[in-house]
Amino acid sequence: MRRPLALRLLATGATMAVVAGVGVSTLVATGAQAAPGSATGYASQNGGTTGGAGGKTVRATTGTQIHEALCSRASASTPIIIEVAGTITPANTAKVSGSSCNTAAGVIELKQISNVSIVGVGTSAVFNEIGIHIRESSNIIIQNVTVKNVKKSGSPISNGGDAISMETNVRNVWVDHATLEASGGESEGFDGLFDMKANTQYVTLSYSILRNSGRGGLIGSSETDRTNTFITFHHNLYENIDSRAPLLRGGVAHMYNNHYVSLNESGINSRAGAKAKVENNYFEDSKDVLGTFYTSEAGTWQVAGNIFDNVTWTAKSAENNPAGPNPTSTTTVTIPYAYTMDAGSCVPTTVRQTAGAGKNLAVSNGACSPTTTAPTPTATATATPKPTATATATAAPTTPATGANLSLGAGADGSGRASGTSYANVTDGSASTYWSPSSSTGRVSVKWDAAKTVSRVVVKQASGGGTITAWRVVNNDTGAVLASGTGTPSTVTFAATSLKKVNFEITGASGTPRVAEVETYAK
């Protein structure tokens with residue numbers, strides 16, 4: 001029997017600026033940018049996480065208006081940025097029907113959709129007693145919001161008691177600068193703050209606060225639910241949590257630069273064959289912060305640079321295998337993305353200054369010094385400027401591509417294709433065949449078995465389709481954006497890069513474009 005959660009509720013004096021409104025008001029019809037900043041960690045992999053980049057921006061002050069925004073799109077994958085201003089509750093969240101959505105009353109339902117950003121306005125976006133449920137969806141960003149007091153028993157109930165949950169074939173989710181909190185444990189009607197199950201992959205939780213809960217979150221609902229993997233947690237504060245910080249079953253997770261305070265029963269619980277890379281974190285006033293707990297099916301961990309400040313460890317037993325009191329690595333985990341870590345000693349200060357909603361998206365520069373990358377939306381909206389290209393993109397190249405077209409004979413894949421088209425049509429050397437996305441936006445990729453050096457991409461469009469208005473070229477291996485811009489691309493140049501897969505992403509378009517060829521050249 002676990003002891004009851006000893007709550008140390010933190011008073012908040014923030015004033016919520018609620019923006020009144022009826023219906024969903026469009027702020028920027030075209031050319032809107034996604035949530036400020038770029039996805040980090042595993043969310044930057046698998047083609048990256050861009051949310052609603054390139055879609056229109058709308059503002060919502062109720063849960064019903066959030067659902068209306070989703071249902072008003074041309075398709076379930078049409079990009080959209082939803083700015084939230086005000087308090088969302090079960091009472092103001094109704095089911096809305098439409099061909100581009102699948103919603104439910106009493107929960108923010110992101111189900112069977114893609115390419116969506118939900119961004120809080122200033123300090124006003126509060127989801128009170130209502131959870132956010134992501135199911136069978138991909139490319140989702142949730143940023144600068146507070147989700148609190150979601151219950152699975154009592155009244156009102158929402159989302160199975162989870163603040164944010166992901167379930168069933170979910171891919172590429174970035175939750176950033178969020179505050180997730182409960183007011184007790186399971187006996188008080190609460191469940192997890194950040195749960196993933198049933199094949200959820202490529203997720204990052206960054207610069208967020210999780211506190212005052214019996215359960216921080218799980219990755220895998222049972223010992224057999226082992227397909228949830230590639231999860232990153234960095235610069236988060238876990239405070240006054242009984243257990244599951246997180247519970248990891250069977251997958252791979254990377255935890256760095258997190259501050260763990262008052263983990264009352266256990267912390268990072270790696271079990272059922274899981275692998276956790278745990279580095280440069282600060283554990284304080286806590287118990288059994290790392291190991292395998294409550295099961296005989298062991299997990300593993302790789303540790304480096306962590307600080308253990310007043311941490312106690314229990315004795316080993318058949319179902320209790322703490323990593324301490326002197327944690328050593330039991331596995332090796334290779335991380336595929338680039339990242340810069342703060343020293344473990346400055347993590348408490350850095351996380352305190354950056355984590356949670358309402359921090360103006362402050363981040364660390366990797367040298368223990370916070371910096372603000374971009375402002376969050378404010379109550380008075382202004383048009384968002386068009387993104388600036390990060391590489392040369394010209395309608396007619398001044399320097400023709402030279403050498404062999406590396407795309408010939410290469411493989412191809414993508415995020416979706418219209419009926420009658422093929423990914424392979426962009427690598428077949430024929431301008432008479434083409435790929436079209438399944439909606440107005442999408443991704444097509446060129447890939448090789450062995451790495452190629454690429455510095456130029458030539459995009460050729462077929463006649464009769466829509467017009468590309470925003471695009472980017474991405475190194476799929478690392479998630480790095482090699483080039484981006486607005487308008488119709490032709491020749492795109494960038495620094496020579498060795499890669500095995502390059503993505504051409506259409507992030508904005510009028511109509512459905514037709515891409516005949518994506519040619520790649522070494523120079």
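Every value quoted in this text rests on a predicted model; they were computed, and no experiment measured them. Positions are given from 1 along the sequence.
The side-chain heavy atoms of F283 and N258, taken from C-beta on, include no pair separated by under 4.5 Å. Put simply, the side chain of E136 reaches to within 4.5 Å of the side chain of T168, judged on heavy atoms. Annotation: side chain of I66 is in contact with side chain of I88 (closest heavy-atom distance under 4.5 Å). Within the 4.5 Å cutoff, no side-chain heavy atoms of Y202 are placed close to those of V173. Between F127 and I132 the shortest side-chain heavy-atom distance falls below 4.5 Å. With a 4.5 Å cut-off on side-chain heavy atoms, Q143 and I118 do not count as touching. Contact of the R215 side chain with the P246 side chain is not registered, since no non-hydrogen atoms from C-beta on lie closer than 4.5 Å. Between V203 and M196, the closest side-chain pair of non-hydrogen atoms falls below 4.5 Å.
Closest non-hydrogen pair, Y256 versus T340, comes out as CE1-O, 4.3 Å. For the pair P90 and P156, the tightest heavy-atom approach, listed with the atom from each and the gap, is CG-CG, 3.9 Å. Contact detail for F293 and N269: the closest heavy-atom pair is N-OD1, 3.0 Å. Smallest separation of non-hydrogen atoms from A245 and I268: O-CG1, 3.3 Å. Nearest heavy-atom pair across P79 and G54 is CB-C, 4.5 Å. Here the closest non-hydrogen pair linking K359 and N144 is N-OD1, 4.4 Å.
With no hydrogens or angles considered, a side-chain donor-acceptor pair links H235 and D342 at under 3.5 Å. No donor-acceptor contact under 3.5 angstrom links the side chains of S72 and E68, judged on distance only. If you check the side chains of N365 and T371, you find no donor sitting under 3.5 Å from an acceptor. Side-chain polar atoms of S183 and N212 form no donor-acceptor pair below 3.5 angstrom. Side-chain contact of D176 with S206: a donor-acceptor pair under 3.5 Å is present, judged by distance alone. A side-chain donor from one of H259 and E284 sits under 3.5 Å from a side-chain acceptor of the other. Side chains of D288 and T314: a donor-acceptor N/O pair is present below 3.5 angstrom, by distance only. Counting only N and O atoms by type, the side chains of E129 and N149 include no donor and acceptor under 3.5 Å apart. One side chain, N102 or Q112, offers a donor N or O that lies under 3.5 Å from an acceptor on the other. Side chain to side chain, Y294 and E265 fail the donor-acceptor criterion of an N or O pair below 3.5 Å. A side-chain N or O of N306 and one of N281 form a donor-acceptor pair less than 3.5 Å apart.
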Exercise for the section: Evaluate the side-chain hydrogen bond (donor to acceptor under 3.5 Å, both in side chains) criterion for residues T62 and T64: first the C-alpha distance (whole Å), next the side-chain angles of each, then the deciding distance (0.1 Å), finally the verdict. Expected result: CA-CA 5 Å; T62 68; T64 302; 4.6 Å; no
Exercise for the section: Go through the steps to decide whether R135 and E167 satisfy the test salt bridge (charged side-chain N to carboxylate O under 4.0 Å, His left out), and finish with yes or no. Expected result: CA-CA 5 Å; R135 184 182 181 113; E167 179 181 3; 3.2 Å; yes
Handout entry: Stepwise side-chain hydrogen bond (donor to acceptor under 3.5 Å, both in side chains) check, Q353 with T349
Key = CA-CA 6 Å; Q353 294 174 323; T349 299; over 6 Å; no
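Rounded to the nearest 0.5 angstrom, N257 CG and S364 OG are separated by 7.0 Å. Rounding to the nearest 0.5 Å places CG of L193 at 11.5 Å from OG of S165. To the nearest 0.5 Å, atoms CD1 (I113) and NZ (K111) are separated by 11.5 Å. Taking CG from N139 and OG1 from T441, the interatomic distance works out to 8.5 Å, rounded to the nearest 0.5 Å. In this structure, E109 CD and K95 NZ are separated by 8.5 Å, a value rounded to the nearest 0.5 Å. Between N92 atom CG and T61 atom OG1 the span is 7.5 Å, to the nearest 0.5 Å.
The pair R271-E223 meets the salt-bridge criterion, since a charged nitrogen lies less than 4.0 angstrom from a carboxylate oxygen. The pair D225-R249 fails the salt-bridge criterion, with no side-chain N (NZ, NE, NH1 or NH2) lying under 4.0 Å from an Asp/Glu carboxylate O. Ion pairing between a basic and an acidic side chain is recognised when a charged N comes within 4.0 Å of a carboxylate O; K148 and E181 show no such pairing. By the 4.0 Å N-to-carboxylate-O rule, K152 lies close enough to E186 to be salt-bridged with it.
Residue K275 qualifies as open at atom NZ: its count of foreign heavy atoms under 6.0 Å is 12 or below. Atom NZ of K197 has 12 or fewer heavy atoms from other residues, nucleotides or ligands within 6.0 Å.
Although no hydrogens or angles enter the test, the distance criterion places no donor-acceptor pair under 3.5 Å between the side chain of T204 and the main chain of W174. Distance alone, capped at 3.5 Å, places no donor-acceptor pair between the S243 side chain and the N264 backbone. Side-chain N or O atoms of T93 include none that pairs as donor or acceptor with a backbone N or O of A105 at under 3.5 Å. Distance alone, capped at 3.5 Å, places no donor-acceptor pair between the S329 side chain and the T331 backbone. Of the possible donor and acceptor atoms, one in the side chain of N228 sits under 3.5 Å from a partner among the backbone N and O of N199. Although no hydrogens or angles enter the test, the distance criterion places a donor-acceptor pair under 3.5 Å between the side chain of S286 and the main chain of S262. Without hydrogens or angle criteria, S270 side chain to T300 main chain gives a donor-acceptor distance under 3.5 Å. Although no hydrogens or angles enter the test, the distance criterion places no donor-acceptor pair under 3.5 Å between the side chain of N326 and the main chain of G324. Checked by atom type and distance alone, the side chain of H254 never pairs as donor or acceptor with a backbone atom of A276 at under 3.5 Å. Between the D195 side chain and the L218 main chain, a donor and an acceptor come within less than 3.5 Å of each other.
Put simply, the residue from I134, V175, V170, N172 that forms a side chain to side chain contact (heavy atoms under 4.5 Å, CB included) with I140 is I134.
Close placement of the H234 and Y207 rings is indicated, their centers lying within 6.0 Å of each other. In this structure, Y260 has its ring center no closer than 6.0 Å to that of Y282.
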